[in-house]
Amino acid sequence: MKQPESPAAAELAPGDGPSPPREASRAREVKRGIAILDLFSRFLAAAGTLGSAIAMGTTNETVTVAAFSQVFQFNTNYKDLPVFTFFVIANSVVGGYLVLSFAISVYHIIRSSAKTSRIILVSLDTVMLSILTAGASSAAAMVYLAHKGNSNANWSAICQQFTNFCHRISGSLIGSFVAIILFIVIIIASSVALSRR
């Protein structure tokens, strides 16, 4: 005659017992970890974009050339090229957005189960990534022309004369492209968090 199972055995049966709550707790911990990574990445990306905007926006150099017993002064500024102006605006807008998004990122650490705010945030992140990529890539093309020139278009390289200017505009691209990589990490992490129940 078959003996009835004890309550303890029933609790340990496969598929029963504390397994679902444990899985839910593990999922919450993963989402909280992703939210912490999100906040840290946003902080670094904000520093990169705002640093790039400041570096480019304060770029200015005057070169003095003496020729034929006369002295000529040539000045170059980031405002001389609309591409660099767009770069400064794009990085400033994205940097400001990242600073404002800190609050939502902290909210996701506290409320790891939040879903609607994550969807809105990842959508805005995608838009900001597009703006930042457009600004950085167009500025990178112009920096390349400043260094190398283009003989087919009769575009002369200016970096031999405006050395400091070229160093500044080249350095300003670093923070912007680092922020692009961090944005990709943020979007992927947010997608992973949304996919987990």
Side-chain angles (χ1 to χ4, degrees), residues 34-66 71-106 108 121-190:
I34 291 174
I36 294 172
L37 173 64
D38 179 270
L39 179 61
F40 183 68
S41 299
R42 287 179 189 280
F43 177 79
L44 293 179
T49 52
L50 294 176
S52 293
I54 293 171
M56 181 70 80
T58 56
T59 300
N60 183 33
E61 185 178 5
T62 301
V63 176
T64 302
V65 178
V71 177
F72 300 93
Q73 283 192 336
F74 299 93
N75 179 268
T76 184
N77 190 291
Y78 84 96
K79 293 181 180 179
D80 295 337
L81 294 169
V83 169
F84 291 155
T85 303
F86 174 64
F87 177 85
V88 172
I89 294 173
N91 278 271
S92 300
V93 169
V94 173
Y97 160 78
L98 286 167
V99 172
L100 293 175
S101 68
F102 287 167
I104 302 177
S105 190
V106 171
H108 289 160
L121 198 60
V122 76
S123 301
L124 293 174
D125 288 342
T126 305
V127 173
M128 293 298 155
L129 174 60
S130 302
I131 295 173
L132 187 61
T133 302
S137 57
S138 58
M142 191 59 64
V143 168
Y144 177 83
L145 288 175
H147 280 280
K148 302 295 183 180
N150 189 322
S151 58
N152 295 328
N154 293 322
W155 185 289
S156 301
I158 65 170
C159 288
Q160 294 178 354
Q161 293 78 27
F162 298 95
T163 307
N164 292 332
F165 176 80
C166 287
H167 286 166
R168 289 289 297 272
I169 62 176
S170 299
S172 67
L173 295 176
I174 297 174
S176 192
F177 277 104
V178 168
I180 288 172
I181 295 173
L182 290 171
F183 254 118
I184 295 172
V185 172
I186 290 170
I187 292 172
I188 292 175
S190 299

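Note that the structure is predicted; figures quoted are calculated from it, not measured.
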Colleague: Applying side chain to side chain contact (heavy atoms under 4.5 Å, CB included), can you list everything that pairs with Leu100, at least two apart in sequence or on another chain?
Modeller: none
Colleague: For Phe177, does the CZ atom have more than 12 heavy-atom neighbours from other residues, nucleotides or ligands under 6.0 Å away?
Modeller: yes
Colleague: Main chain of Leu173, side chain of Ser52: is a donor-acceptor contact present, judged purely on distance under 3.5 Å?
Modeller: no
Colleague: What are the two closest heavy atoms between Leu124 and Tyr97, and how far apart are they?
Modeller: CB-OH, 3.3 Å
Colleague: Can you list everything that forms a side chain to side chain contact (heavy atoms under 4.5 Å, CB included) with Ile174? Sequence neighbours excluded, please.
Modeller: Val178
Colleague: Quick test of your reading: applying side-chain hydrogen bond (donor to acceptor under 3.5 Å, both in side chains), list the pairs with at least one residue in residues 177-189, sequence neighbours left out, ordered by first then second residue.
Modeller: none
Colleague: List in chain and number order the residues that pass side-chain hydrogen bond (donor to acceptor under 3.5 Å, both in side chains) with Ser176, two or more places apart in sequence or in another chain; answer none if no residue qualifies.
Modeller: Asn91
Colleague: Could you tell me which residues satisfy side-chain hydrogen bond (donor to acceptor under 3.5 Å, both in side chains) with Ser92, sequence neighbours excluded, listed by chain and number?
Modeller: none
Colleague: Could I get the full list of side chain to side chain contact (heavy atoms under 4.5 Å, CB included) partners for Leu39, not counting sequence neighbours?
Modeller: Phe102, Ser105, Val106, Ile109
Colleague: How long is the span from the CD1 atom in Ile188 to the CG atom in Leu37, to the nearest 0.5 Å?
Modeller: 10.5 Å
Colleague: Are any non-hydrogen side-chain atoms of Phe87 and Ser172 less than 4.5 angstrom apart?
Modeller: yes
Colleague: How would you list, by chain and number, every residue that makes a side-chain hydrogen bond (donor to acceptor under 3.5 Å, both in side chains) with Ser170, sequence neighbours excluded?
Modeller: His147
Colleague: Suppose we screen for side-chain hydrogen bond (donor to acceptor under 3.5 Å, both in side chains). Which residues come up paired with Ser101, at least two apart in sequence or across chains?
Modeller: Arg42
Colleague: Give, for atom CG of Asp125 and atom CD1 of Ile184, the distance between the pair rounded to the nearest 0.5 Å.
Modeller: 12.0 Å
Colleague: Just wondering, do Leu121 and His108 contact through their side chains at under 4.5 Å, heavy atoms?
Modeller: yes
Colleague: Could you note down all residue pairs passing salt bridge (charged side-chain N to carboxylate O under 4.0 Å, His left out) where residues 89-106 supplies at least one of them, sequence neighbours left out?
Modeller: none
Colleague: Give the minimum heavy-atom separation between Val94 and Met128, together with the two atoms involved.
Modeller: CG2-O, 3.8 Å
Colleague: For Val127, check side chain to side chain contact (heavy atoms under 4.5 Å, CB included) against everything at least two apart and list the hits.
Modeller: Ile131
Colleague: If I compare all heavy atoms of Ile54 with all of Thr58, which pair ends up nearest, and what's the gap?
Modeller: O-OG1, 2.7 Å
Colleague: Where do Ile186 and Ser41 come nearest, in terms of heavy atoms and distance?
Modeller: CG1-CB, 3.6 Å
Colleague: Looking at every heavy atom in both Ser138 and Gly135, which two are closest together, and how far apart are they?
Modeller: OG-O, 3.1 Å
Colleague: Where is the tightest heavy-atom contact between Gly95 and Thr49, given as atom of each residue plus distance?
Modeller: CA-OG1, 3.2 Å
Colleague: Could you note down all residue pairs passing salt bridge (charged side-chain N to carboxylate O under 4.0 Å, His left out) where residues 133-149 supplies at least one of them, sequence neighbours left out?
Modeller: none
